[in-house]
Each structure stands twice: as structure tokens, then as C-alpha cells.
**Q** 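Structure provided below as C-alpha cells; questions to follow.
Everything numeric in this text was worked out from a predicted model, so none of it was measured. We use all heavy atoms of the structure for the numbers below, so side chains are in, but hydrogens, waters and symmetry mates are not.
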Amino acid sequence: MSTTPTSERPRRLSMPKLTRRLTNVTIHVDDDKDNLEPVTTSSVPSSKSKHIALDPEHLKEWKHEMTPKKNDKASIKKDIVQHSVETLCRNPYNLDKLAVYQATAYSVRDRLLEDWNMTQEAIHKENPKRCYYLSMEFLIGRALDNALHCLEVKDVYKESVKDLGFNLEDLLQQERDAALGNGGLGRLAACYMDAAATLDYPTWGYGLRYQYGIFKQLINSDGYQIEMPDYWLDSNGNPWEFPRNDVRYEVQFYGYVATKVNEKGESRMSWEGGDRVQAMAYDVPIPGFDTKGCGNIRLWASKSLKTFDFASFNDGDYDRSVADQKNAENLTSVLYPNDNHLVGKELRLKQEYFFVSASLQDIIHRFKRSNCAWKDFPDKVAVQLNDTHPTLAIPELQRILVDIEGLDWDAAWDIVTRVFAFTNHTVLPEALECWSVPMMEHILPRHMQIVYDINLFFLQKVEKMNSDRGLLNRVSIIEESNPQQVRMAYLAVVGSHTVNGVAALHSDLVKTELFKDFVSYYGPEKFINITNGITPRRWLYQANPDLRDLITETLGGNHWVTHLDDLKGLTKYADDVDFQAKWMNIKLKNKVRLASWIKANLDITVDPRSLFDIQVKRIHEYKRQFMNILGVIYRYKNLQLLSAEERKDVTPRVVIFGGKSAPGYYVAKMVIKLINTVAQVVNNDDSIDGLLKVVYIPDYNVSLAEIIVPASDISQHISTAGTEAAGTSNMKFVLNGGLILGTVDGANIEIRDEIGEENIFMFGTLADKVADIRHQQKYHGVEIDPNLQVVLQSIQSGEFGGPETASVFGPLINTLTYGGDYYLISADFEKYLDAQDKVDETYKDTAAWAKKSILCTAGMGFFSSDRATREYADKIWNIKPVHIKESAV
């Protein structure tokens with residue numbers, strides 16, 4: 001048991017199976033919260049290499065005035081050649097594109113490092129409150145092109161590289177995407193880091209340095225997803241990271257909890273024994289645009305404390321000699337290890353704790369250097385939990401403050417709840433993260449005790465307001481199942497001062513459905529909305545250069561890049577025939593680029609004059625890629641029935657899919673299989689005159705998105721209403737002049753409100769009707785739409801893939817019938833087909849479509865990550881910009 005709160009003595013509530021483990025230890029507490037002693041530098045385990053405090057006489061000798069790198073061609077060429085020879089040990093006789101890319105990247109990094117150092121110096125001198133953004137994913141994409149744009153040196157680099165005998169665009173293709181994320185969660189985090197750097201906010205990201213990412217997705221000849229390691233870390237080194245060998249922290253697992261008496265004679269709980277690994281830091285600079293500010297993402301890699309067992313080696317047990325090293329490094333090998341089995345679940349839990357433990361040790365180490373008292377910690381530190389994955393930071397900070405720093409429970413908990421804030425990213429109850437109590441007790445025994453205490457004291461307070469036992473069970477952090485589960489989202493809510501949703505509808509559902517009992521206790525003011533945003537630097541300025549140049553020319557400068565509301569100025573050109581022609585020519589050029597990529601990489605020929613219909617995102621039942629491919633089958637079967645004359649009036653389509661399924665997600669993997677099977681049939685059917693093509697782009701990532709997004713005519717965001725928190729891919733497509741076919745869900749609603757209802761194709765059951773339909777289907781069966789029935793019969797008959805595949809897709813079809821059609825594909829199918837017909841008809845009017853496309857981009861100012869980050873800074877983090885030009889000496 002931890003220190004007893006001063007305000008309330010622990011007692012058992014009169015409810016069954018109280019989630020609390022009691023011990024017979026009584027721990028002394030200090031009632032004076034405001035009389036906390038200043039922290040000492042030795043109270044929390046820190047990196048082994050200590051920073052040395054030099055005296056003023058020696059310090060002046062270390063004063064370093066960086067000589068700014070020159071950005072003329074001669075200087076750039078000299079730097080590239082120097083890095084080729086001195087960093088990479090290459091000469092003109094053994095150069096290749098990869099080597100020149102790396103030399104170029106190192107030369108750009110040198111220039112970026114100037115801003116990074118100035119930023120750190122300015123923040124160190126000002127010592128402001130900082131925000132630390134904890135995210136298990138950072139999908140940052142390629143770094144070189146982004147850095148060139150932010151430093152505004154791309155043109156001179158292009159000329160310099162050309163003088164050296166290479167093409168810059170070829171070099172850019174040599175960079176591998178950093179495999180640090182999977183989908184929208186990680187890309188959102190990357191957008192916020194870009195915005196924070198651009199706005200000069202003192203913000204650091206913390207994450208994990210995954211050696212192989214989630215996986216590299218291949219599609220085999222039978223259309224199945226195959227997972228392979230993603231070797232994104234080049235053997236020659238990653239130019240965009242700085243290994244911090246001096247920043248290492250020990251992280252503990254397993255063991256037991258003992259009682260110890262400290263030097264003051266107080267009894268304290270102590271986590272003893274177990275295994276330990278080491279977290280080593282790698283820093284990734286994040287450049288700001290049009291500023292000298294440069295942010296940072298600190299990533300942790302797991303290292304063994306014992307790199308080599310010499311005794312085992314001498315005994316001839318070579319595997320055992322390196323076993324510790326391999327086991328430790330496995331911890332950060334893969335993003336989201338497959339948790340379909342116990343070992344995978346344990347690895348995932350250890351991964352999450354490793355991440356938060358190292359991050360908090362680093363945050364505390366930095367805080368202590370400011371010589372502030374613990375009561376000042378919330379005035380210097382804000383921690384944002386990006387989804388539930390970092391939630392263990394809450395009991396971990398409480399453990400450090402109570403067990404190691406010697407604070408009483410109440411004082412520590414007051415600090416914890418003023419430091420943390422929680423972003424919720426889902427409205428699906430089944431997607432809320434839970435960990436079994438036995439596993440927590442085994443891997444993190446002290447944390448499980450602390451969670452029990454947190455839960456008890458919270459339930460005591462709730463009971464004072466409302467003794468309803470049903471309410472107490474509903475809000476308990478511990479779910480009384482078999483075995484008991486720790487509900488991480490509930491822990492995040494209880495341990496945070498603010499909880500935010502990421503779109504207006506989502507935030508409303510958070511308050512009225514997901515956490516409604518917590519709202520009744522805390523009040524609605526704790527739960528706010530901050531709609532997601534995307535960075536225009538990556539998703540328009542960099543990804544769509546021709547459109548960027550047209551917008552810049554039209555608006556008279558690039559002020560819009562950091563003030564996205566300026567795009568409203570395009571509205572007055574929406575009916576201009578000449579402007580429409582320029583706009584649509586750029587769209588066609590982007591479609592040609594994507595068509596060329598598809599031909600070169602997939603050997604599928606598509607016509608850029610066709611309507612490009614795109615759905616690229618994580619494969620999941622609620623995102624309804626299944627409904628999309630069922631609609632494709634319906635379209636294909638209709639085309640087969642049309643006469644040659646009737647086909648002249650058909651709008652040609654290229655339907656493009658992309659995205660990864662989680663390795664253990666059987667239904668999602670079957671959807672991928674169905675898409676590829678249908679594509680094989682459709683793309684080889686000459687009888688439909690090329691009016692329909694189906695393409696599945698494997699291994700979807702940020703760099704591919706930069707090619708795909710600008711080429712879209714229509715993009716599909718068709719989640720069952722009330723299931724998508726917000727989405728950000730919808731924002732990227734619309735920013736680039738692509739129209740949306742979507743449900744009334746997530747950020748689609750706010751996009752509609754900003755761009756105009758006439759410029760979006762919306763359909764489907766509304767969120768407040770979904771529960772009623774599910775209830776009806778559960779108890780009265782699913783009424784399959786007649787058109788959908790025809791499609792399902794064609795699959796069952798073996799029309800796609802032959803008779804042997806009919807049984808393969810049986811479990812997939814069963815999700816609509818015996819499975820109850822939880823995501824309402826049948827209920828929405830007719831409305832979906834009607835919306836597709838409307839898209840076909842509208843696309844035939846080129847001028848009308850061009851106008852809609854222009855108005856889409858013009859209305860996207862609200863969805864900038866700059867706006868969202870300002871809202872976080874003002875409403876949650878309470879931090880101010882540190883303007884580097886003014887602060888740095």
C-alpha cells in the first residue's frame with residue numbers, strides 16, 4: 001500500500017470485489033503540501049553520463065559561435081563532397097545515388113543543426129514551461145525534401161547536385177520512410193511536431209525507435225497480405241538522427257515490492273529485483289517553416305545492460321552469450337507486436353512501460369537542472385498523452401514522487417493530475433485498451449498496487465456524491481471480469497486534468513456515451529474538443545508543387561503556408577474559366593504521375609482521364625473498405641450488362657485502395673484478399689472497354705501518400721457513423737482539391753460545414769440511428785439489400801477467383817449475415833450506390849467539378865495543424881512561444 005491520502009483515510013466501500021490490495025504497512029505523511037523540499041539531483045535514476053557544471057572561468061572557454069553555413073552553390077557542393085569523402089569514405093570512383101543522397105542529407109543536417117542548437121540555447125536561457133508529447137507513433141515520412149523546403153534551399157540544392165552529376169529527385173527517392181508509425185495516429189503526431197516547431201512552441205516529442213516498424217507489406221500472387229521486416233534503418237546510418245550515447249536510463253520489469261525505511265525514518269514501498277534494460281536516446285530534429293526554431297523528437301531504443309556474456313561464450317554456449325542483448329533489443333524491434341498470444345501481449349505492455357519510464361526519467365532529469373521545487377513541476381511541465389498507449393506514465397510519475405522522492409500521496413497526486421492531459425482517439429468501446437491484472441502484477445507489480453490505490457481513492461470520492469453501486473462499477477478503473485482488467489482509458493481520464501476529443505461529433509460522443517459517467521462526476525468542462533489538423537507544409541506545399549506555385553502566384557506570396565485561412569482568397573477564382581483550366585491541368589498532371597507509378601511498380605495500365613476514386617487508410621471493418629469493394633463488384637456487373645452504346649455514357653473509373661491490416665486481424669486481411677481477387681478479374685476483362693480498373697497499392701506510407709493524395713478526384717471516407725473519431729486523410733485529400741464521398745462521421749461533418757454541403761457527397765445512417773438499427777438486426781436478423789444480395793451471390797458462386805475461393809470468402813460474408821452486420825453495410829448500401837451515381841453524373845460537367853475542387857481547397861484553412869496546436873497550447877498546455885531570433889545570442 002502506498003502513502004495514505006491526508007484528506008481521506010482508506011476504508012473499504014460496501015461493494016463486492018473491491019479493487020484494492022491492502023498491506024499492513026502504515027506510511028508517515030507530511031500534511032504540509034506547500035512545504036516541499038527542493039529536489040536533489042540524485043533522487044531519480046538518471047543517465048550514467050552526468051552533465052558537469054563548469055565554473056564561470058572554464059565556461060567562457062567553451063563559448064562557441066557557430067559560423068553559419070553558406071547556401072550558395074559553391075559552399076553546398078563543397079559540403080556534399082566533403083561528407084562523401086570524410087563521412088562516408090567515398091570518392092568519385094565508387095559513388096552511387098544512395099551515397100550521394102546520404103552526403104547531401106548530412107550537408108542539410110549541418111544547416112538544420114544550427115537552428116537546433118540556437119533553439120535549445122534559447123529555451124535553456126528562458127526556462128519556460130515545456131510540453132512533452134508522448135506518442136507511440138511518429139509517422140514523419142521522408143526528411144530530406146521537408147528540410148530543404150523548410151530551410152528554403154531546395155532550388156539551390158537542385159542546381160548544386162546537378163553540377164555534381166546527379167538529379168535531386170533521384171536522390172530523394174533513395175530515402176526510406178522512417179517506420180515509426182502505422183496510420184493516422186502517428187501522422188497526426190508528426191503534423192503537430194511540425195506545427196509546434198513552426199510556431200516556436202517549446203515542445204518535444206517522445207517515442208520509440210522501432211528497428212523494423214510495424215512491417216513491410218507485400219501482396220503475394222494469391223492476393224494475400226504478407227508481412228516482412230521493414231529494414232528502414234540503413235546500414236550506413238540514418239543522417240536524420242543523433243545517437244545520444246550519454247543519455248541512457250535503466251528501466252525495470254518484474255520483481256517484487258518491499259517496504260523500506262528511509263533516512264527520515266519513514267516507511268516507503270520499494271520496487272526490488274526483476275530484470276532491467278537500458279533506454280538509449282536518439283534525437284530527430286524537426287525543422288520549423290519560416291523560423292529559426294527547430295523542434296525535436298527523442299526516440300528510445302532498448303539496449304542490454306550486459307551486451308556480452310563472456311563466461312557463456314567461453315563455455316561454448318554462443319547463443320546464451322548474446323541472449324541478453326537480443327532479448328533487450330527485441331523490446332523496440334517492432335511497432336505493435338502481434339498480441340494474439342500471451343508473449344505478444346507481454347511484449348506490448350513492456351514496450352509501453354519502457355517508453356514512458358525512459359521519457360519521464362528524462363523529463364525529470366531536465367526539470368531538476370532548473371533547481372525548482374517539486375511543487376513547481378506542473379508550472380514547468382505539460383505532458384500530452386496521445387491515446388492510451390502512454391497512460392502508464394500516470395502511475396509511474398506517482399511512483400517516482402511517492403516512493404523515490406518522498407512526497408505524500410496527496411501532494412504527489414495533485415502534481416500528477418496537473419501535469420497530464422489525455423487525447424482520446426476512438427469511440428469504439430472494444431478499441432479501448434485494457435491490460436489483465438495478473439499480467440500487470442507480474443510485469444509491473446508496484447504499478448498495479450498504485451493503480452489499485454488510485455482507483456480506491458477515486459471511487460471513495462465518487463461514492464460521496466452518488467452511492468449507486470452500478471455507477472461505481474461503471475467508472476471503476478478495474479473491470480470486474482475474469483480475469484480483472486485495467487481500463488487504461490479510465491485511468492487516463494482520472495489522472496488527467498483535461499480530456500479532448502479530435503472532432504466535434506467525436507467529442508460529443510465522448511461526453512454523451514464513452515465517458516458520460518465521468519462527465520457527471522467531473523463536470524463537462526474537463527472534456528473539450530480540439531479538431532485534428534494537418535500540416536500544409538507537407539501535404540500541399542511539398543506534395544503538390546504545381547498547385548503550390550499556382551496558389552502562391554494567385555494569392556501573391558506564400559504567406560498562406562503558415563496562415564492557411566488565406567486560402568479563402570481562392571474563392572473568387574472558382575468561376576474563372578482560365579483559372580479552372582490551370583487547376584484541372586495540375587490535377588491531370590498529378591494523375592499522370594500516379595498512373596506512371598502504378599504502371600512502373602504494379603504493371604497495371606490506368607487512364608489518367610478516368611475518375612480516380614481513392615481509399616487509402618488502415619484496413620479495418622469500421623472504415624468499410626469491404627463496402628467499397630462490394631460496390632466495385634456491383635459496378636462491374638452492371639458494366640457487363642450494358643450495350644456498347646450505353647457504355648459511351650459511363651464515367652470511367654480507377655478505384656485505388658491502400659493500407660495495412662494488423663497481422664492478427666483475420667477479417668481485414670480477407671478484405672485485402674477480396675480486393676486483389678476482384679482486381680485480377682476486372683483488370684483482365686477486355687469486354688468492359690477499360691471503363692473500370694481496380695488497384696491495390698501495397699505498403700502504403702507517407703511518401704506514397706504524397707503521390708496518391710494530389711491525384712484524387714474523389715476519396716472515400718465511409719466509416720459507419722459514430723465510429724471514426726476524426727480522420728486526417730480526408731483533410732489531406734480536400735486540401736489538394738479532391739472531393740469527398742463520405743458518411744456523416746468524424747471530421748467529414750466539419751469539412752462539410754467549411755467547404756459547403758454542395759461540394760461534398762455525403763450519405764448513410766446518422767450516428768443517433770446506428771444503435772437502433774443494430775438492435776433491430778441483432779434481434780430480428782439482417783435484411784440484406786437486394787443489390788448487395790446479387791453481389792454476395794457472385795462471390796459465393798466463385799465468379800472471383802474460381803470455385804475454390806468461394807469458401808475462402810465465406811467468413812467475410814458471414815460478418816454481414818450471421819455476424820449481424822455490425823457496421824451496417826447492408827443498411828447503407830443503397831444510399832452508397834446512389835451517392836456513387838451522383839459522383840458519376842457530376843464528374844461529367846468539367847466546369848462544375850473544377851469549381852467544386854477549387855472551393856474545397858479554399859475552405860480548408862481551419863484544418864491546419866497550426867490552428868490545432870495553438871488550441872492545445874492555449875487550452876491545455878498553457879505554454880507560450882519562444883521566438884528564437886529574439887532569444888538566441
**Q** Could you pull out the closest heavy-atom pair between Tyr157 and Leu168, with the gap in Å?
**A**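 Nearest pair, atom of Tyr157 first, then Leu168: C-CD2, 4.4 Å.
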
**Q** Is Arg111 paired with Asp79 through a side-chain N to carboxylate O contact shorter than 4.0 Å?
**A**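 Yes, Asp79 and Arg111 are salt-bridged.
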
**Q** Could you tell me whether Asp362 and Arg298 make a salt bridge, using a distance below 4.0 angstrom between a side-chain N and a carboxylate O?
**A**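 Yes, this pair counts.
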
**Q** Please answer whether the main-chain N or O of Thr104 pairs with a side-chain N or O of Ser107 as donor and acceptor at a distance below 3.5 Å.
**A**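 Looks like yes, one N/O pair under 3.5 Å.
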
**Q** Check the pair Phe354, Phe253 against ring-ring contact (aromatic ring centres under 6.0 Å, His included), reporting the backbone distance first and the verdict last.
**A** CA-CA 9 Å; Phe354 172 84; Phe253 301 105; 7.3 Å; no

**Q** State, to 0.1 Å, how close Pro285 and Asn296 come at their nearest heavy-atom pair, and which atoms those are.
**A**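 What the structure gives for the nearest pair is N-OD1, 4.1 Å.
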
**Q** Counting distance only, does the side-chain N/O of Thr552 pair as donor-acceptor with the main-chain N or O of Arg548 below 3.5 Å?
**A**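 Answer holds: yes.
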
**Q** Please check if the side chain of Arg369 supplies one atom and the backbone of Ile364 the other of a donor-acceptor pair under 3.5 Å.
**A**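 No: the side chain of Arg369 does not pair with the backbone of Ile364.
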
**Q** Examine distances only and state if a side-chain atom of Gln217 and a backbone atom of Gly659 form a donor-acceptor pair shorter than 3.5 Å.
**A**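 Flag set: sc Gln217 to bb Gly659 pair under 3.5 Å.
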
**Q** Would you say Lys599 has more than 12 foreign heavy atoms packed within less than 6.0 Å of its NZ?
**A**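 Result for NZ/Lys599: enclosed.
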
**Q** Would you say the side chains of Glu396 and Tyr353 form a donor-acceptor pair under 3.5 Å?
**A**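 Yes, side-chain donor-acceptor contact under 3.5 Å.
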
**Q** Please tell me whether Tyr336 and Glu137 have a donor and an acceptor in their side chains that are separated by less than 3.5 angstrom.
**A**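 Yes, a side-chain donor-acceptor pair sits under 3.5 Å.
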
**Q** Could you tell me whether Glu169 and Lys154 make a salt bridge, using a distance below 4.0 angstrom between a side-chain N and a carboxylate O?
**A**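 Salt bridge between Glu169 and Lys154, a charged N being under 4.0 Å from a carboxylate O: yes.
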
**Q** Using distance alone, with no hydrogens and no angle criterion, decide if Gln173 and Glu175 have a side-chain donor and acceptor under 3.5 Å apart.
**A**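 Glu175 and Gln173 do not have a side-chain donor-acceptor pair below 3.5 Å.
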
**Q** Before giving the answer on side chain to side chain contact (heavy atoms under 4.5 Å, CB included), spell out for Thr332 and Gln211 the whole-Å C-alpha distance, their side-chain angles and the decisive distance to 0.1 Å.
**A** CA-CA 7 Å; Thr332 51; Gln211 188 174 356; over 6 Å; no

**Q** Does a side-chain heavy-atom distance below 4.5 Å link Leu180 with Ile140?
**A**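 Leu180 vs Ile140: side chains touch.
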
**Q** Tell me yes or no: between the side chains of Asn127 and Ser370, is some donor less than 3.5 Å from an acceptor?
**A**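 Not at all, the side chains of Asn127 and Ser370 share no donor-acceptor pair under 3.5 Å.
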
**Q** Between His149 and Tyr541, is the gap from one ring center to the other below 6.0 Å?
**A**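 Judged by ring-centre distance (under 6.0 Å), His149 and Tyr541 do meet the cut-off.
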
**Q** Would you say Leu299 and Leu208 make side-chain contact, with heavy atoms under 4.5 Å?
**A**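 No - every pair of side-chain heavy atoms lies 4.5 Å or more apart.
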
**Q** When you look at NZ of Lys589, are more than 12 heavy atoms from neighbouring residues, nucleotides or ligands closer to it than 6.0 Å?
**A**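 Result for NZ/Lys589: open.
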
**Q** Can you list the steps and then say if Val108 with Leu144 is a side chain to side chain contact (heavy atoms under 4.5 Å, CB included)?
**A** CA-CA 8 Å; Val108 174; Leu144 177 55; 3.7 Å; yes

**Q** So, for Lys70 and Ile76, which heavy atoms are closest and what is the spacing to 0.1 Å?
**A**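 Result for this residue pair: O-CG1, 4.2 Å.
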
**Q** Is the shortest side-chain heavy-atom distance between Ile286 and Ile297 below 4.5 Å?
**A**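 SC-SC contact between Ile286 and Ile297 confirmed.
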
**Q** Give the minimum heavy-atom separation between Gly295 and Ala197, together with the two atoms involved.
**A**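 So the two residues come closest at N-CB, 3.6 Å.
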
**Q** Kindly determine whether Asp387 and Met136 satisfy side chain to side chain contact (heavy atoms under 4.5 Å, CB included), including the steps that lead there.
**A** CA-CA 9 Å; Asp387 212 356; Met136 287 283 281; over 6 Å; no

**Q** Can a salt bridge be assigned to the pair Glu352 and Arg348 using a cut-off of 4.0 Å between side-chain N and carboxylate O?
**A**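 Yes, charged N to carboxylate O under 4.0 Å.
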
**Q** Between Ser84 and Arg90, is there a donor-acceptor pair closer than 3.5 Å when you use the side chain of the first and the backbone of the second?
**A**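 Checking the backbone N and O of Arg90 against the side chain of Ser84, no donor-acceptor pair under 3.5 Å is found.
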
**Q** Considering all heavy atoms of both residues, which atom of Val277 and which atom of Ala328 are nearest to each other, and what is their separation?
**A**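 Where Val277 meets Ala328 most closely, the heavy atoms are CG1-CB, 3.9 Å.
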
**Q** Quick check against the 3.5 Å criterion: does Thr119 have a side-chain atom that pairs as donor or acceptor with the backbone of Cys294?
**A**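 A pair under 3.5 Å: yes.
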
**Q** For Tyr282 and Trp300, I'd like to know if the aromatic rings sit close, meaning centre-to-centre distance below 6.0 Å.
**A**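 Ring centres of Trp300 and Tyr282 not closer than 6.0 Å.
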
**Q** Where the side chain of Asn736 meets the backbone of Asn544, is there a donor-acceptor pair that is under 3.5 Å apart?
**A**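 No: the side chain of Asn736 does not pair with the backbone of Asn544.
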
**Q** What do the steps show when you test Phe242 against Arg109 for side chain to side chain contact (heavy atoms under 4.5 Å, CB included), and what is the final call?
**A** CA-CA 10 Å; Phe242 294 95; Arg109 192 186 76 168; 3.5 Å; yes

**Q** May I ask you to check whether Glu329 and Ser333 show a side-chain donor-acceptor distance below 3.5 Å?
**A**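 There is no such pair (donor and acceptor under 3.5 Å, judged by atom type) between the side chains of Glu329 and Ser333.
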
**Q** Would you kindly say whether Asp72 and Ser75 are connected by a side-chain donor-acceptor distance under 3.5 Å?
**A**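 Looking only at side-chain atoms, Ser75 and Asp72 do form a donor-acceptor pair, the distance falling under 3.5 Å.
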
**Q** Does any N or O in the side chain of Asn117 come within less than 3.5 Å of the main-chain N or O of Glu114, such that one atom is a donor and the other an acceptor?
**A**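 No; zero donor-acceptor contacts below 3.5 Å.
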
**Q** Do other residues, nucleotides or ligands put more than 12 heavy atoms under 6.0 Å from Asp155 CG?
**A**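 Counting other residues, nucleotides and ligands, CG of Asp155 stays at 12 neighbours or fewer.
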
**Q** Compare all side-chain heavy atoms of Phe355 with those of Pro390 and state whether any distance is below 4.5 angstrom.
**A**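 Yes, close enough: below the 4.5 Å cut-off.
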
**Q** Would you name the heavy atoms of Gly533 and Tyr192 that are closest together and state the gap between them?
**A**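 Result for this residue pair: N-OH, 3.6 Å.
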
**Q** Atom OH of Tyr210 and atom CZ of Phe138: how far apart are they, to the nearest 0.5 Å?
**A**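 Spacing of OH (Tyr210) from CZ (Phe138) equals 9.5 Å.
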
**Q** So Gln252 and Glu250, side-chain hydrogen bond (donor to acceptor under 3.5 Å, both in side chains) or not? Walk me through it.
**A** CA-CA 7 Å; Gln252 183 178 0; Glu250 289 187 14; over 6 Å; no

**Q** Under 4.0 Å between a side-chain nitrogen and a carboxylate oxygen: does that hold for Arg142 and Glu706?
**A**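 No.
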
**Q** As an exercise, state the distance from CD of Gln82 to CG of Asp110, rounded to the nearest 0.5 Å.
**A**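 Those atoms lie 8.5 Å apart.
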
**Q** Does Lys660 count as lying over the ring of Phe215, i.e. NZ or CZ under 6.0 Å from the six-ring centre, within 45 degrees of the axis?
**A**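 Yes - Lys660 lies over the ring of Phe215, closer than 6.0 Å to its centre and within 45° of its axis.
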
**Q** Using the benzene-type ring in the case of Trp, are the ring centres of Tyr212 and Tyr231 under 6.0 Å apart?
**A**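 When the ring centroids of Tyr212 and Tyr231 are compared, they turn out to be within the sub-6.0 Å range.
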
**Q** How long is the gap from NZ on Lys303 to CG on Leu331, to the nearest 0.5 Å?
**A**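 Result: 12.0 Å between the selected atoms.
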
**Q** Check whether any side-chain N or O of Ser160 sits under 3.5 Å from a backbone N or O of Val156 as a donor-acceptor pair, and report yes or no.
**A**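 Such a contact is found between Ser160 side chain and Val156 backbone.
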
**Q** Strictly below 4.0 Å, N to O, side chains only: are Asp163 and Lys158 in salt-bridge contact?
**A**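 Looking at Lys158 together with Asp163, the answer is no, because their closest N to O distance does not fall below 4.0 Å.
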
**Q** When you measure from the side chain of Asp177 to the backbone of Ser703, do you find a donor-acceptor pair of N or O atoms at a distance under 3.5 Å?
**A**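 A pair under 3.5 Å: yes.
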
